[in-house]
J.: 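Can you keep this structure in mind? I'll have questions shortly.
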Amino acid sequence: MADPIVTVSELLAPAFAAVGGPGVDPVVRPSDRADAQANGALAIAKQLGQNPRQVAEAVLAIARDLLVGVCSDIEIAGPGFLNLTFTNEFLAAQLATAANDSHLGVRSTPLAEHIVVDYSHPNVAKEMHVGHLRTTVIGDAIVRMLTFVGHRVTKENHIGDWGTPFGMLIEHMLDLGETEAASELSVGDLAGFYKAARVKFEAGETFGDRARQRVVLLQGGDAETLRLWGVLVAESTRYFNTVYATLGVLLTDADLAPESMYNPMLPDVVTRLRDVGLLRESDGAQVVFPAGYLNREGEPLPLIVQNSVGGYNYATTDLACVIDRVERLKVDRMVYVVGAPQAQHLAMVFAVSEMAGWLAPGVAVHVAFGNVLGADRKMLKSRSGESLKLNELLNEALERAEAAVVDKNPELPAAERTAVAHAIGIGAVKYADLSTDRIKDYVFEWDRMLSFDGNTAPYLQYAHARICSIFRRAEVDRASVRNSVPVLATPQERALALRLLAFDTAVWDTIDRYSPHRLCTYLFDLAQDFTGFYEHCPVLKAADEATKQSRLALCDVTARVMEKGLDLLGISAPERM
RNA sequence: GCCCUCGUAGCUCAGGGGAUAGAGCAUUGGUUUCCGGAACCAUGUGCGGGAGUUCGAAUCUCUCCGAGGGCGCCA
């Protein structure tokens with residue numbers, strides 16, 4: 001099992017070790033000159049002070065016996081590359097194995113960890129916007145992949161349900177009337193609600209006083225205030241859940257780890273920092289100075305954990321969160337899917353946690369991402385210039401997808417059409433977000449993401465659907481073809497087989513870098529290879545029954561890799577569209 | 001002022017030490033209009049500039065230019 005590149009790398013390792021010493025990397029990569037190339041000889045030659053071609057020959061002399069049955073051809077090329085060509089029998093056997101593997105050839109992790117993934121984190125009584133789209137979609141894909149390879153994953157949705165704005169929000173709710181406010185929030189007019197509260201807060205002194213008084217009551221644990229606060233949280237959470245349902249993400253109420261949850265732990269954070277001797281007083285605030293951070297004036301930059309009037313802030317909460325994850329959840333790794341602007345803040349939180357001895361280096365990872373931009377290359381806005389609500393964006397995706405489906409396939413029954421439009425519309429939005437390198441900003445363009453051509457969700461979904469169509473027309477049970485070993489007679493069949501076997505590497509590359517776009521690129525390449533196969537290799541009209549069976553088997557694995565790959569991205573693959 | 005991220009073809013993006021830097025879209029010119037459903041082939045003075053490390057650099061380092069972001073009591 002596993003990618004042939006991985007297999008051959010392991011097989012070659014002893015040959016390289018014999019020539020270059022233990023631990024030498026054969027540096028096996030895909031190649032356009034052959035199926036793969038091993039570049040390790042050049043590095044060894046440098047160290048040994050020898051001619052790289054001679055080194056390659058020495059390696060080859062040993063490797064030939066190790067690769068019997070695996071490679072039909074090994075030749076030395078250029079300055080000392082080993083060009084490797086796999087035997088068709090080896091590829092076919094590997095593919096047959098993958099086809100019968102529940103994980104389609106993807107290796108499980110050798111060491112299962114408990115990993116917390118922190119993502120989505122919307123704010124109570126505040127609208128979800130496109131920034132939340134990124135953290136939610138990327139985080140969800142990472143959760144799915146880590147789980148797939150055998151890790152134990154805890155999702156945490158760190159919703160913002162605490163802080164000074166709640167005084168203002170609660171008072172506004174009382175002004176509106178509780179029932180009225182609740183319905184406003186649950187239907188998703190969070191922006192209007194928050195804005196109205198904000199306006200009153202800034203305009204009226206009496207309202208401001210009430211709000212500040214309410215904050216004191218909230219923090220003091222006043223029962224009625226807590227009940228009112230609870231209404232805000234419950235209605236907002238209900239609204240978030242409708243957005244999550246539309247998006248099709250895994251988050252549920254069980255994953256909520258609200259800021260308020262850490263509230264009782266905050267004094268202890270400060271105490272513990274004092275106990276380990278890290279706490280300093282600076283301008284009246286309680287702070288820690290992590291090494292290497294400077295402010296504008298070139299002075300050490302503090303992480304403030306308690307302000308000059310005794311209040312705690314998000315740094316304190318984040319530190320409590322680290323402690324909770326390490327000591328209560330006993331996680332091995334924590335993944336923060338948070339926007340790039342938070343890089344310094346998180347780095348400082350991690351640094352302080354390490355200084356305090358709570359966190360081992362490398363355990364906490366910031367999976368950062370860039371902005372969603374409009375066609376004008378500025379932050380994506382709605383037509384009226386307001387920041388774009390996530391919910392409105394998703395609704396537009398559904399409308400556009402429905403129109404596209406009506407246009408492409410008018411015969412589709414109405415009931416099925418809605419479901420397909422959902423898969424396409426939401427898939428398109430998610431895929432557009434996932435298919436570019438997350439650290440970069442990306443340009444949001446409806447026409448491109450919903451196109452049935454190019455590197456888009458609809459194109460991949462279409463490739464899947466057309467395979468399903470082949471099986472429908474063939475009236476063949478999908479599972480029945482899984483025991484046949486495919487014959488890789490044409491270049492297209494061979495290329496498709498090689499690609500299918502690379503699913504393993506694609507998933508692991510994605511996990512190793514927390515970069516879903518790697519899997520997207522792979523799936524797009526797979527769809528392209530399938531199209532080449534589809535054009536050149538008749539399936540139902542194959543020359544003979546054995547060829548037909550072989551090609552049906554290739555179709556089946558392709559469809560399953562595509563479906564699973566999309567599933568790992570949180571995108572569904574309809575059987576017809 | 002300091003720090004971080006980004007800069008690849010007309011556009012949107014891959015490629016993160018290996019051989020001639022790729023894809024999609026768009027463009028232009030052909031072929032096909034037949035199967036299973038939404039065709040295929042061809043088409044390019046492109047790695048922001050410069051220096052360095054290396055047998056080898058789009059990739060690593062430095063520097064300059066450009067864009068975005070962060071830098072003490074909001075989150």
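By convention in this document, chain letters (A, B, ...) are assigned in the order of the sequence lines, proteins followed by strands, and residues within each chain are numbered from 1.
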J.: Return the nucleotide paired to B:U32: Watson-Crick means purine N1 to pyrimidine N3 with N6-O4 or O6-N4, wobble means G-U with N1-O2 and O6-N3, both under 3.5 Å.
T.: none

J.: Describe, in one word, how the ring planes of A:H345 and A:Y314 are oriented to each other, choosing from parallel (under 30°), tilted (30 to 60°) and perpendicular (over 60°).
T.: parallel

J.: For A:R513, which contact category applies under a 4.0 Å heavy-atom criterion: base, sugar-phosphate, or nothing?
T.: sugar-phosphate

J.: Given B:G16, B:C73, B:C13, identify the nucleotide with an atom nearest to the side chain of A:R518.
T.: B:G16

J.: Which is true for A:A368 with a 4.0 Å heavy-atom rule: it touches a base, it touches only sugar-phosphate, or it touches nothing?
T.: nothing

J.: Taking a pair as Watson-Crick or G-U wobble with both distances under 3.5 Å, which nucleotide is matched to B:C47?
T.: none

J.: Which part of the nucleic acid, if any, lies within reach of A:Q306 when heavy atoms closer than 4.0 Å are counted: base, sugar-phosphate only, or nothing?
T.: nothing

J.: Look at all strands and tell whether A:Q286 reaches a base, only sugar-phosphate, or nothing, counting heavy atoms closer than 4.0 Å.
T.: nothing

J.: Can you find a pair of side-chain heavy atoms, one from A:F16 and one from A:D25, that are under 4.5 Å apart?
T.: no

J.: So, is A:K440 near the phosphate of B:G68, with a side-chain N or O under 4.0 Å from OP1 or OP2?
T.: no

J.: Both distances below 3.5 Å, Watson-Crick or wobble geometry, any strand: find the nucleotide opposite B:G24.
T.: B:C11

J.: For B:C71, which nucleotide is its Watson-Crick or G-U wobble mate, given both distances must be under 3.5 Å?
T.: B:G1

J.: Is B:G18 paired to anything, Watson-Crick or G-U wobble with both distances less than 3.5 Å, and if yes, which nucleotide?
T.: B:C55

J.: Between A:Y312 and A:N307, does the side-chain hydrogen bond (donor to acceptor under 3.5 Å, both in side chains) criterion hold? Intermediate values first, please.
T.: CA-CA 6 Å; A:Y312 305 105; A:N307 67 25; over 6 Å; no

J.: Taking the six-membered ring for Trp, is the centroid-to-centroid distance between A:F533 and A:F530 below 6.0 Å?
T.: yes

J.: To the nearest angstrom, how far is A:H517 atom NE2 from B:C6 atom P?
T.: 12 Å

